[in-house]
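So the structure is just underneath, and the comments pick up after that.
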Amino acid sequence: MELWVKNISEDELEDFVSILREAALWIKIGGVEMWSEGQFTVENMLRKHSLQEMYMGYINQEAAATMILQEEDTVLWPDLEKNDSLFLHKLAVRRKYAKQGLAEEMVNWAKTQAKSLGKAYVRLDCAADRPKLCHFYENQGFKKVSERVMFGKYKTAFYEFCTNELIQL
């Protein structure tokens, strides 16, 4: 099973949001609502992100995983040097492919992409009250750099991975 990651085109947007909706429903069924299914519409995604920021992972030409990679995130990371990071958001795997290592492969692809673009870091934020999620990123080599409450109610952990830790490309 080989994962192929690429930037999406407009005709792939529906697949992209369907994976995010599926992940939101799975998280909610698990008892922790993090994302709402309703926030994932083509219109909402295009309002907040450009197509150039959206990536999808494919297995045998089937959309299997998503992520957003941004070159800046001034809302959540306002005090950083410009152009030194890629910011990873909305990592999700279609349930059909769960527990097969795709999330790790997507993260590794993002790290390699950051290194190839000359970025020093891959940075991300996640729900600090979800220990399995935090542990997942820590197992991928990310270091927690801070934790704070965002928007008055979301306990958020902030992580970074230094691309110097990757083997030279």
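Computed over heavy atoms, backbone and side chain alike; hydrogens, waters and symmetry mates excluded. Sequential numbering from 1 along the given sequence is applied to the chain's residues.
Scanning both residues, Leu76 and His89, for their nearest heavy atoms gives CD1-CE1, 4.1 Å. Taking both residues in full, the closest heavy atoms of Ile59 and Ala64 are given as CG1-CB, 3.9 Å, listed atom of the first, atom of the second, then distance. The minimum heavy-atom distance linking Arg94 with Ala63 is given by the pair NE-O, 3.0 Å. Across all non-hydrogen atoms, the minimal contact from Leu166 to Thr112 is CD1-N, 4.0 Å. Taking every heavy atom of both residues into account, Ala92 and Ala23 meet most closely at CB-CB, 3.8 Å.
In this structure, CE on Met45 lies 10.5 Å from OG on Ser50, to the nearest 0.5 angstrom. Within the model, atoms CG of Leu86 and CG of Leu124 stand 11.5 Å from one another, a figure rounded to the nearest 0.5 Å. Atom NZ of Lys144 is separated from atom CG of Asp125 by 12.5 Å, given to the nearest 0.5 angstrom.
You'll find the side chain of Ile19 stays beyond 4.5 Å of the side chain of Val17, heavy atoms only. Side chains of Met54 and Leu13 form a contact here, defined as non-hydrogen atoms less than 4.5 Å apart. Put simply, the side chain of Leu25 does not reach to within 4.5 Å of the side chain of Arg21, judged on heavy atoms. Side-chain contact between Phe158 and Thr156 is present, with at least one heavy-atom pair separated by less than 4.5 Å. In this structure, the side chains of Phe136 and Val107 come closer than 4.5 Å at one or more pairs of heavy atoms. Contact of the Leu69 side chain with the Trp109 side chain is registered, since non-hydrogen atoms from C-beta on lie closer than 4.5 Å. Val42 is not listed as a side-chain neighbour of Glu10, based on a closest heavy-atom distance of 4.5 Å or more. Here the side chains of Ile68 and Leu88 are not in contact, with every heavy-atom distance at 4.5 Å or above.
Here Glu53 does not pair with Lys48 in a salt bridge; the nearest charged N to carboxylate O distance is not below 4.0 Å. Using a 4.0 Å cut-off between charged side-chain N and carboxylate O, Glu62 and Lys96 make a salt bridge. Looking at Glu12 and Lys6, a side-chain N of the basic residue comes within less than 4.0 Å of a carboxylate O on the acidic one, giving a salt bridge. For the pair Lys82 and Glu71, the salt-bridge criterion is not met [side-chain N within less than 4.0 Å of a carboxylate O].
Aromatic ring orientation, Tyr154 versus Phe151: perpendicular (interplanar angle above 60°, classes split at 30° and 60°). Taking the six-membered ring where tryptophan is involved, the planes of Tyr58 and Trp4 are tilted, since the angle between them lies from 30° to 60°.
Hydrophobic clustering places Phe16 together with Leu46 (ILVMFWY residues linked when any side-chain heavy atoms are closer than 4.5 Å, directly or through intermediates).
The side-chain contact (heavy atoms from CB on, under 4.5 Å) test with Ser85 singles out one residue from Arg123, Gln70, Glu160, and that residue is Arg123. Screening Glu138, Gln140, Lys143 against Tyr159 for a side chain to side chain donor-acceptor pair (under 3.5 Å) leaves a single residue, Glu138.
More than 12 heavy atoms of other residues, nucleotides or ligands shown are found within 6.0 angstrom of CG on Asp11.
Looking at Thr66, its side chain never comes within 3.5 Å of a backbone N or O of Leu91 through a donor-acceptor pair.
A cation-pi contact links Lys111 to Phe161, judged by a cut-off of 6.0 Å to the six-membered ring centre and 45° from its axis.
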